[in-house]
Participant: 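Please read through the structure below; I'll follow up with questions.
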Amino acid sequence: MCGIVGYIGGKEKKELVLNALGELEYRGYDSAGIAVMKEGRIDAFKATGKLKNLQEKTKNFTSEGDGIAIGHTRWATHGKPTEINAHPHFGQHSYIVHNGIIENYREIKEMLTSKGVTFLSQTDTEVVVYLFEHNLQTSKSAFEAFEKTVLSLRGAYAILLITTIAPNSIFFAKNAAPLIIGKNDEKELFFGSSDAPLIGHAKEVCYLEDGQYGVLSKNEILLFADKKKVSSIFRDLPQDKSYAQKEGFRFFMEKEIYEQSRVLGETLMGRIKNNEIVLEELDEYLFDGINSIKICACGTSYHAGLAAGYIFERLAKIRTDVVIASEFRYKEPLLTPDTLFIVISQSGETADTLEALKIAKNAGLKTLAICNVDNSSIVRLADNTILTRAGIEKGVASTKAFATQVATLWLLSIFMAQKRNSVGKERLKSEIDTLLRIPSSLNVDNATHEKLRRLSKRYLHGHGFFFIGRDIFYPLALEGALKLKEISYLHAEGYPAGEMKHGPIALVDSKLFTVALLPKTMLYDKTKNNIEELSARDATILVISPEQFELADDFIKTKNSSHVMNEFFEMMIILQLLALEIAVRLGNDVDMPRNLAKSVTVE
Ligand code: M6R
């Protein structure tokens, strides 16, 4: 999704801003651009495709000495990914970069068009720079014009604007899209739409709040909300950049699959004491008066939520609904105060999930975020948060984030079971013992990986995949299918194994690939029957199970079937590696799949 960076200082600005954009590449984008102002002159460059195209375009341009710069990676929402639609957009004197969507851009565009403005692009962003220049005509200062502009916008935005009318300043605004200011001891100032481009440059950061706007110049940070000056609160920025290296793996996604054992250890760290789950981050009274749970999330996080639905009802004995956030928003949901509203998000910036959280908060519900990114918009808005501690995930296709989400939700379900006395002591102890052993069972087995690598060549040319499973293995099947779709671009569907006979079985022939999850600990015989029904109709079947299955065309043997969650996590790794190896054989960009963005900040 779009990324924003900005800089005020004396370094080579082009290099600095291009490198900063490089840190945001993993989020996905289809064009990029920069604008640099020095001694009252602005030079701007844009290019479609990857950043190397922009680097090539700017190779003869230098920008040493004091000045300012802004940069952007665009993920197309309004208008195709062309150079004209790439940011920065410009008026007569000013350049702007923007993340988000301006909802009232059509009204503004009509008003400006009636005043004779001609637009070059199809974007919503271009109207903002022209509106600013229009407001300049009736304002005493550039700041007044910017303030008027911002206050007339509706929608989501993180904006940086520079203008020759007020050289040496960057005007900024934030609403429902993240924007961070950074500073250091050398009096350099930075902007970023996430921490990543600021690490190694800024020492302290200020996470702007919705509705804040202002102007930054070398000596001053002026911050406003609703026409009133507010103070900026800076905090130290951790400087750990180790996530940026692939450490010998071919792709970040591969590295992140292998990291899961370690990061799950982090997820559990300090949260199990004396055979009890301890979640000190939660409000002591969070569960008082709570009789049901509603979980809202998107994509992979939604699959983690679906898995949690099974665990919560089974262990904590609490009614749980799981809803896709983009559906929840407009269904006029009935919300009662005895419901705990849980949102799950890797990035903490997903617009649909964030909006769902706002609806729940406005309805007076208690809220809890399960999130990987501290200080993200979702974390700041929720009453309570449990951080999943996966570390920065660079692969667009989520892997370790999913594993830590499921582990965190399992942890939470045991915690609720403790509070509600919903299961006996022995059951609790066995859950906690298994949970403690999960990190070691998540080590990737090299022989299995190698087998999947070889096997993947047989799964490149069919007419589609069905991933099937029952119970908690159904959300895992959905997740396996999503992983494959995202990075291989092959059609894949996740389906409840028992539901195939109600329709999809009509598709079955030898070119239909079925990946069947056949755990020992959960509905083994029922699932086996469902697989046999497909085998009888000549489907090509890859079975993943601890028990040999004669009718399988291909078979991956799992090792640990002592608990349903051991089986879940072991199969999860196999599905992730299968998707990876198929995508690698197809020659795809595994870390940055086409059309996808790491953090989806538009609705
Ligand atoms: O950051 P979030 O967890 O809120 O993101 C939700 C989805 O956009 C995300 O899980 C998406 O489905 C991933 N590409 C999955 O690999």
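As the structure lists them, so they are numbered: ligands from 1, and atoms in each ligand from 1. Since this is a predicted model, take the numbers as computed values, not measurements. Values below: every heavy atom of this structure, side chains too, minus hydrogens, waters and symmetry copies.
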Participant: Looking at Val396, which atoms of ligand 1 are within less than 4.0 Å of one of its heavy atoms?
Facilitator: 13 (C), 14 (N), 16 (O)

Participant: In terms of residue, atom name and distance, what is the protein heavy atom nearest to atom 8 (O) of ligand 1?
Facilitator: Val600 CG2, 3.9 Å

Participant: Closer than 4.0 Å to some heavy atom of Thr300 - which atoms of ligand 1 meet that?
Facilitator: 10 (O), 12 (O), 15 (C), 16 (O)

Participant: May I ask you to list the atoms of ligand 1 that are less than 4.0 angstrom from any heavy atom of Ser345?
Facilitator: 1 (O), 2 (P), 3 (O), 4 (O)

Participant: Using a 6.0 Å cut-off, check whether atom CG of Leu586 has over 12 heavy atoms from anything other than its own residue.
Facilitator: yes

Participant: Does atom CZ of Arg319 have more than 12 heavy-atom neighbours, drawn from other residues, nucleotides or ligands, at distances under 6.0 Å?
Facilitator: no

Participant: Should you measure from each heavy atom of Ala397, which atoms of ligand 1 turn up under 4.0 Å away?
Facilitator: 16 (O)

Participant: Taking atom NZ of Lys80 as the centre, report whether more than 12 heavy atoms of other residues, nucleotides or ligands fall under 6.0 Å from it.
Facilitator: no

Participant: Out of all atoms in ligand 1, which are within 4.0 Å of some heavy atom of Ser398? Include the element for each.
Facilitator: 15 (C), 16 (O)

Participant: When Lys400 is tested against each of Gln346, Gln260, Glu259 for side-chain hydrogen bond (donor to acceptor under 3.5 Å, both in side chains), which residue passes?
Facilitator: Glu259

Participant: Let me know which of Ser326, Cys298, Ser377 forms a side-chain contact (heavy atoms from CB on, under 4.5 Å) with Thr353.
Facilitator: Cys298

Participant: Can you tell me the protein heavy atom closest to atom 2 (P) of ligand 1 and the distance?
Facilitator: Thr350 OG1, 3.2 Å

Participant: Taking only heavy atoms of Ser301 into account, list the atoms of ligand 1 that are under 4.0 Å away from them.
Facilitator: 2 (P), 3 (O), 10 (O)

Participant: Quick test: of every protein heavy atom, which one is nearest to atom 14 (N) of ligand 1, and how far off is it to 0.1 Å?
Facilitator: Glu486 OE2, 2.5 Å

Participant: Does Glu349 have a non-hydrogen atom less than 4.0 Å from ligand 1?
Facilitator: no

Participant: Which atoms of ligand 1 are found less than 4.0 Å from any heavy atom of Lys483?
Facilitator: 15 (C), 16 (O)

Participant: Arg250 and Glu581: salt bridge (Lys or Arg N to Asp or Glu O under 4.0 Å), yes or no, with the steps?
Facilitator: CA-CA 11 Å; Arg250 295 166 295 172; Glu581 291 304 337; 2.7 Å; yes

Participant: What protein heavy atom sits nearest atom 6 (C) of ligand 1, and how far off is it?
Facilitator: Cys298 O, 3.3 Å

Participant: Show me which atoms of ligand 1 lie under 4.0 Å from any heavy atom of Gln346.
Facilitator: 1 (O), 2 (P), 3 (O), 4 (O)

Participant: What orientation do Phe465 and Tyr459 show, parallel under 30°, tilted 30 to 60°, or perpendicular over 60°?
Facilitator: tilted

Participant: Is the distance between the ring centroids of Phe328 and Phe341 under 6.0 Å?
Facilitator: yes

Participant: Between His449 and Tyr258, is the ring centroid distance below 6.0 Å?
Facilitator: yes

